[in-house]
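In what follows, every chain begins at residue 1, and chains take the letters A, B, ... in the order their sequences are listed.
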Amino acid sequence: MVYEKKIEEKKLPPLPDAVRGRVVTRLPPEPSGYMHIGHAMSGLLNYAYARMYDGKVWLRFEDTDPRKVKLEYYESFRKGYKWLKIEWDYEKNNSEDIELFYDYAEKIIELGRAYVCFCPHEKIKSLRRKGLECEHRSQDIDENLKYWKMMHDGRFREGEAIVRLIGDMKSQNTTMRDPAIFRIVEHSHPIVGARYHVWPLYDFAASIEDGVCNITHILRTSEFALRDELQNYIRDLVGMSNPTYIEYSRFEFKGTPVSKRKLRAIIEAGLAERWDDPRFPTIEGLRRRGILPEAVKEFTLTQTGFSYAKREYDWSLLYSLNRKILDPIARRFFFTPSPVKLKVEELEPGEITIPYHPTNSSLGMRKICYTDEFYISSLDVENMKDRDIIRLKYLANVKIVNASKYEVIGVRSGGGPAQNIPIIQWVPLHRSLKVKVLVPDILYLDGEKVNPESLRIIEGYAEENIVEVKVDEIVQFERFGFCRCDSTIDRIFIKTHD
RNA sequence: GCUCCGGUAGUAUAGCCCGGACAAGUAUACGGGCCUUUCGAGCCCGGGACCCGGGUUCAAAUCCCGGCCGGAGCACCA
């Protein structure tokens with residue numbers, strides 16, 4: 001709660017041409033893959049600005065390629081936006097408005113500003129490159145109207161005819177060289193089925209929709225920059241007003257590809273099993289790893305800008321924010337990775353009651369029963385020498401009698417915590433639970449090389465109290481790191497970060 | 001190849017439009033110290049950058065030109 005407020009106060013630069021109460025932004029996902037952090041950051045920005053100016057937000061699925069879109073992805077986005085606490089005011093799919101697109105297309109053909117082109121793909125490509133017009137461009141309006149009708153009547157097969165806008169074949173901006181605005185697709189669409197086979201292309205659908213939704217501001221990545229002119233031109237033809245564009249460069253997180261293609265390749269290579277792999281920048285991956293939506297939000301609002309330069313974020317930037325949110329609320333537990341047995345002579349069995357958090361007392365207390373036998377981490381054993389004194393945190397000091405890789409023998413020693421005594425975590429031998437911790441790391445080292453240790457599995461023992469931890473709770477295993485409980489049945493945790 | 005756009009510490013950014021108080025701010029990472037019954041958090045200190053070369057100017061991170069490097073686009077995808 002307190003944290004929410006803090007983020008809201010963070011300032012975003014003012015939005016150009018923004019009028020309070022009149023701003024309308026949009027979330028325009030293409031439901032052809034799982035939502036990832038790039039969508040999240042773009043969504044957060046569009047949403048934050050709408051909020052900042054008391055405006056409205058549209059969730060509009062850009063689903064005009066029947067071959068690419070799948071039902072499950074629509075839901076992935078809705079879920080993802082909800083997770084980020086993005087609230088949208090309206091929702092629609094572009095595929096619902098096909099008839100509307102037809103009406104506008106007809107209007108444009110009647111205006112003499114579009115034509116039906118029968119050139120083969122390759123020819124279009126090469127003429128466009130040369131800046132030359134083709135013979136179909138000079139067909140008269142009635143001819144074009146006739147062909148347009150024929151397209152709908154199924155008189156042409158996929159690839160045989162397209163509708164092109166009359167732009168400027170000599171334009172420096174190649175998107176203006178008579179772009180295709182409709183094509184024939186012989187493939188059923190997951191939402192509207194096989195009802196249509198003439199489908200609008202992106203620029204047409206998006207510009208008309210942005211017009212009818214009264215979008216005032218578009219915040220998007222820079223690969224769309226060249227399309228501003230085209231999209232404005234389309235709206236000008238049909239008498240709609242244009243939005244203000246704010247574009248910024250794409251980004252990546254170091255060692256972590258975001259593109260569907262690359263992620264799929266990783267899955268196909270057997271390096272990962274699913275799209276919610278904790279090493280992936282998908283929303284589900286981040287969530288499983290223990291990244292909080294508030295951290296993604298704060299990261300977006302405070303650590304990024306609208307630069308056009310190429311960016312490669314270091315994960316530590318996000319982790320640090322996440323840790324600051326987690327630290328005051330995560331319960332502490334003892335966990336001993338790669339455990340080694342410790343016997344403490346002269347220690348009477350007993351029970352101690354210790355806090356779940358060093359300062360946040362609202363998290364309560366836990367009890368641990370112990371005997372004279374424990375597990376401790378081999379990482380701590382490595383540094384031990386005979387006669388050293390160590391402290392089992394909250395419990396007792398122990399003088400090491402015999403430290404070996406396999407078993408450590410010590411004897412109870414008096415006193416409490418002190419300056420030069422290392423304090424380590426421990427687990428009672430007879431009352432411990434075996435747990436597995438998945439430790440995700442970056443997928444690629446120096447750009448291209450696959451990281452062989454991108455997902456290590458660490459086994460160890462945790463104190464019995466972890467049975468209270470439910471799936472999704474993020475705890476801190478002391479001196480190990482923050483971990484999210486992924487499965488209570490198999491006792492699997494995923495390390496979030498240190 | 002063509003067109004457009006960028007280049008501030010390891011990383012991400014502020015500053016650039018409207019040149020001067022910028023011997024460049026912040027976050028993160030790193031090093032040191034303090035604190036702490038965690039190697040977490042917190043506190044303090046430290047090193048670390050204006051891509052290069054010219055020009056304009058009393059004055060350039062900021063304006064201009066050239067170079068180098070990087071990114072994006074050049075679909076019947078979005």
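Out of B/A75, B/A29, B/U38, the shortest distance to the side chain of A/Lys125 is found at B/A75. Checking B/A78, B/C39, B/U13 against every side-chain atom of A/Tyr313, the shortest atom distance belongs to B/U13. Comparing B/A29, B/C76, B/C39 by their nearest atom to the side chain of A/His121 picks out B/C76.
At a cut-off of 3.5 angstrom, the base of B/U28 holds no donor-acceptor pair with the side chain of A/Gln303.
The separation of B/A75 from B/A29, taken at their C1' atoms, amounts to 42 Å, rounded to a whole angstrom. B/A23 and B/C39: their P atoms are spaced 41 Å apart (whole Å). With P as the reference atom, B/G71 and B/U11 are 15 Å apart, rounded to whole Å.
Under a 4.0 Å N-O distance rule, the pair A/Lys170/A/Glu133 does not qualify as a salt bridge. Look at A/Arg78 and A/Glu91 and you find a salt bridge, because one of the NZ, NE, NH1 or NH2 atoms lies within 4.0 Å of a carboxylate O, short of that distance. A/Arg67 and A/Glu158 are joined by a salt bridge, as a carboxylate oxygen and a charged side-chain nitrogen come within less than 4.0 angstrom of each other.
A ring-centre distance under 6.0 Å is not found for A/Phe334 and A/Tyr461. Taking the six-membered ring for Trp, A/Phe251 and A/Tyr313 have ring centres closer than 6.0 Å. Separation of the A/His136 and A/Phe118 ring centroids falls under the 6.0 Å cut-off. Aromatic ring centres of A/Phe482 and A/Tyr319: separated by at least 6.0 Å. Under the 6.0 Å cut-off for aromatic ring centres, A/His39 and A/Tyr81 do not qualify, their centroids lying 6.0 Å or more apart. The aromatic ring centres of A/Trp199 and A/Phe101 sit 6.0 Å or more apart.
Remark: A/Arg220 is not in phosphate contact with B/A72, judged by side-chain N or O atoms under 4.0 Å from OP1 or OP2. Within the 4.0 Å cut-off from OP1 or OP2 of B/G10, not a single side-chain nitrogen or oxygen of A/Lys254 is found. In terms of phosphate contacts, A/Arg250 brings no side-chain nitrogen or oxygen within less than 4.0 Å of OP1 or OP2 of B/G71. OP1 or OP2 of B/A75 has not a single side-chain nitrogen or oxygen of A/Arg164 nearer than 4.0 Å. In terms of phosphate contacts, A/Arg311 brings no side-chain nitrogen or oxygen within less than 4.0 Å of OP1 or OP2 of B/U11.
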Just do the ring-ring contact (aromatic ring centres under 6.0 Å, His included) check on A/Phe477 and A/Phe493 with the steps written out, would you? CA-CA 10 Å; A/Phe477 286 145; A/Phe493 285 77; 5.0 Å; yes

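Across all strands shown, A/Asp327 has heavy atoms under 4.0 Å from base atoms, whether or not it also approaches the sugar-phosphate. A/Pro29 comes within 4.0 angstrom of nothing in the nucleic acid, heavy atoms only. Contact annotation for A/Glu312: backbone-only contact, meaning every heavy-atom pair under 4.0 Å involves sugar-phosphate atoms and none involves a base. Residue contacts for A/Phe251: at a heavy-atom cut-off of 4.0 Å it reaches no nucleic acid atom on any strand shown. Looking at heavy-atom distances under 4.0 Å, A/Glu478 makes contact with a base. Among the heavy atoms of the strands, none lies under 4.0 Å from A/Asn94. Contacts of A/Ser316 with the nucleic acid, taken as non-hydrogen atoms under 4.0 Å apart, involve only primed sugar atoms and P, OP1 or OP2. Counting any heavy atom pair closer than 4.0 Å across all strands shown, A/Tyr394 reaches a base atom. Residue-level contact check: A/Ser32 touches neither bases nor backbone, having no heavy atom under 4.0 Å from any strand.
By the salt bridge (Lys or Arg N to Asp or Glu O under 4.0 Å) test, A/Glu468 is found to be paired with A/Arg331, residues two or more places apart in sequence or in another chain being considered.
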Considering only nitrogen or oxygen atoms on both sides, find all protein atoms under 3.5 Å from nucleotides 1-8 of chain B and state each distance.
residue: B/G6; atom: O2'; partner: A/Ala309; partner atom: N; Å: 3.3

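Nearest-nucleotide positions on RNA chain B place A/Phe306 closer to the 5' end than the other of A/Phe306 and A/Gln419. Place A/Ile423 and A/Thr359 on RNA chain B by their nearest nucleotides, and A/Ile423 ends up nearer the 5' end.
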Represent RNA chain B in dot-bracket notation, 5' to 3'. Only Watson-Crick or G-U wobble pairs with both distances under 3.5 Å count; pseudoknot-style crossings use [ ] and interstrand partners use |. (((((((..((((......[....)))).(((((.......)))))....(((((..]....))))))))))))....

